[in-house]
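This is the structure I want to talk about, given as structure tokens.
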Amino acid sequence: MLRHRSALVEWEEKRRQEQRRNILVLVLRHLFDEGYVEAAERLQAESGLSLSKIDAADNVNLSTAIQEYEEYQEIKYGRRPKLVRKVAQTDLVERSRPAVVGPHGPHQPKPCAISQSSLPLQEDQTNHHQNESHNHPRTGRGQANPNNTNSKQKGGGRASNNLKAPVSEASGVSNQAPKDSAAQATENPNTKLCVVGVGGANLDNTKGSVLSTADEDLFDLRLLKPMPDLGSAELQELGTMIRKDIYLENPNVPWDSIVGLDQAKELLVEAVVMPHRYPQFFKGLLAPWKGVLLYGAPGTGKTMLAKAIATECKTTFFNISASTIVSKWRGDSEKLVRVLFDLARYHAPSTIFLDEVDALLSQRGDGPTEHESSRRMKTELLIQMDGLAQSPQLVFLLAATNMPWELDFAVIRRLEKRILVPLPGLNERKVMVKRMLLPFMGAELLPKAEEMIAVATDGYSGSDIQQLCKEIAMRPLRRLMKLALGNEGDESQTSRKNPQVLQKEELPPPGPVTLEDVEQALLTSKPAAWHNKGELYQKFHDRW
Ligand SMILES: Nc1ncnc2c1ncn2[C@@H]1O[C@H](COP(=O)(O)OP(=O)(O)OP(=O)(O)O)[C@@H](O)[C@H]1O
Ligand SMILES: [Mg+2]
């Protein structure tokens, strides 16, 4: 009886070890297939396993295993399981980790954050990745799940563009993505992702609302496919530079943090969010817009709108400042533009946000006034924009400017949808003031302050109102600082005169904002927005 039990225990232990080894082999195979060669080699060295001796069976890989697990949970519980969660810094310190018995004896696993930092960054993989063929140039292995019809496609790899996933250890840049990820993860400890055990109860809500606060944290640290092979060291360098402008962290600008601009929001949801979410409806005549232009006075919320799209959409978001391209890459900007669009296709579905686009695409001069390289770059951009219309990938160009009349007509025509982002009206100004001053003001005075400020700020942009509210909220703090410094205001002098400068813990909280504070701040405030340009925006709006 005893012998029988110990044989059973032994058998179970053997099975567990085999399971651990199999997991490692699948992970190794996955790393190699995705092009994370350095990481895979390190894992081989650490685990003592080698893909030259043991490899995943032909009909199994990690992606399909996870996909099938997700589908199973969805059928069973009606929702997809949550596979990863955000890890707070404290978790990392407190978490005690059990020793893991590897195929070659027990060893202590690395802290989650460290092992995660070597994980590849990935793009939004929901629809896109599941449907994608995974034939890899290095191995020729495809998605081996026989039930997956897409996986039967042979040889094309990520065929819809001419970029190849990295295959060579020698390419040097090919493993840039994991390094970028590591850097990001170290910089912002609150956004580390850690794979955790899952149970049926820990379920992800995949059905977020379109115009509500982004409800999930899964895009807090975006993962990207590894850098593709762009063909030459020069292009590779440009590509690496552009990839730095991809949002890896959620910019966290929910739609409802933007006051007003309802029409712009609606148009953007229709143009970008919906086609990404429900591609089945946006075909043929209803094919999604490929380019949208946001224009309006400075500080009216154009960049905020773009960030809200990045927050909501979860596409790969290239946040490109046009003036940076021009100043840094004057000679090379034509190549840069080509690489940018190549990468956008490679990482599709993606959104390219070209901020301050007027710096890049002002009207083409005829003759020697225009720099030759700048002309070539514009021509390249026009070609690429035309390419978007024909491309099957979901790549969307969002441009913003506060000088739309400066833009080349050919460009304006290609940015099919043009959206005016206006200055806030009276009601919007009230809402902004309320949101900003609520924490600083008594509830009984706040409506009066809202009214006073909203009436006095006709022609102000959202950003001007923010500056004004900051000035108002500073006033009680300034009073307190004077108190702290013995009513003198000059720290160096006061501490000499009054050695009993109040300590941090002795200070009372700053008092509330008074109506006098509001009046005083209004006296000195001026809007930075261009009053006199209102007419020009309207003219552009009427024309286009
Ligand atoms: N509609 C709005 N709702 C809430 N805040 C706003 C709004 N518009 C502007 N702001 C405030 O103004 C700041 C600047 O906005 P943003 O950078 O989006 O302006 P912009 O239109 O891109 O300006 P620019 O043309 O100078 O680039 C925001 O960070 C925000 O605090
Ligand atoms: Mg901006």
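Counting starts at 1 for both ligands and their atoms, following the listed order. Being a predicted model, the structure only gives us computed values, none of them experimental.
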query: Between K265 and I258, is there a donor-acceptor pair closer than 3.5 Å when you use the side chain of the first and the backbone of the second?
result: yes

- prompt: Under 4.0 Å from ligand 1, counting heavy atoms only, is it the side chain of M432, its backbone, both or neither?
  reply: side chain

message: Just to be sure I'm reading this right: ignoring hydrogens, which of G296, A308, G301, S321 gets closest to atom 15 (O) of ligand 1? Compare them by their nearest heavy atoms.
response: G301

message: Just to be sure I'm reading this right: ignoring hydrogens, which of V431, D358, T401, T300 gets closest to atom 8 (N) of ligand 1? Compare them by their nearest heavy atoms.
response: T300

task: Note the single closest protein heavy atom to atom 22 (O) of ligand 1, along with its residue, its atom name and the distance in Å.
output: T303 OG1, 2.7 Å

- prompt: Relative to the heavy atoms of Q466, which atoms of ligand 1 are at a distance of less than 4.0 Å?
  reply: 31 (O)

field: Greater than 12 external heavy atoms within 6.0 Å of K307's NZ
entry: no

message: Measuring from atom 4 (C) of ligand 1, which candidate in A264, S257, C469, S463 has the nearest non-hydrogen atom?
response: S257

- prompt: Is it true that R338 and E334 make a salt bridge, defined as a side-chain N closer than 4.0 Å to a carboxylate O?
  reply: yes

- line: Here the gap from R435 atom CZ to S257 atom OG, rounded to the nearest 0.5 Å, amounts to 7.0 Å

statement: Separation between CZ (R414) and CG (L397), nearest 0.5 Å, reads 12.0 Å

message: So if I count the atoms of ligand 1 from 1 in the order they appear, which ones are less than 4.0 Å from some heavy atom of L261?
response: 1 (N)

- request: Tell me whether N402 has at least one N, O or S atom under 2.8 Å from the Mg ion (ligand 2).
  value: no

message: Looking at non-hydrogen atoms alone, which of K265, M436, M304 comes nearest to atom 5 (N) of ligand 1?
response: M304

- prompt: Which residue supplies the protein heavy atom nearest to atom 9 (C) of ligand 1, what is that atom called, and how far is it?
  reply: G299 O, 3.2 Å

- prompt: Please state which protein non-hydrogen atom is closest to atom 3 (N) of ligand 1 and give its distance, to 0.1 Å?
  reply: V259 N, 2.9 Å

query: Is the CD atom of Q263 crowded by more than 12 outside heavy atoms at less than 6.0 Å?
result: no

query: Just checking, is any N or O donor in the side chain of T457 or D464 under 3.5 Å from an acceptor N or O on the other one?
result: no

- line: Any heavy atom of A400 under 4.0 Å from ligand 1? The part involved is neither

- request: Report yes or no: does K302 contribute a side-chain atom to a donor-acceptor pair with the main-chain N or O of A297 at less than 3.5 Å?
  value: yes

message: Can you name the atoms of ligand 1, numbered from 1 with element, that are less than 4.0 Å from a heavy atom of N402?
response: 24 (P), 25 (O), 26 (O)

message: For the backbone of I383 and the side chain of D386, can you confirm whether one donor and one acceptor N or O come within less than 3.5 Å of each other?
response: no

query: Can you list the ligand 1 atoms lying under 4.0 Å from a non-hydrogen atom of P298?
result: 23 (O), 24 (P), 25 (O), 26 (O)

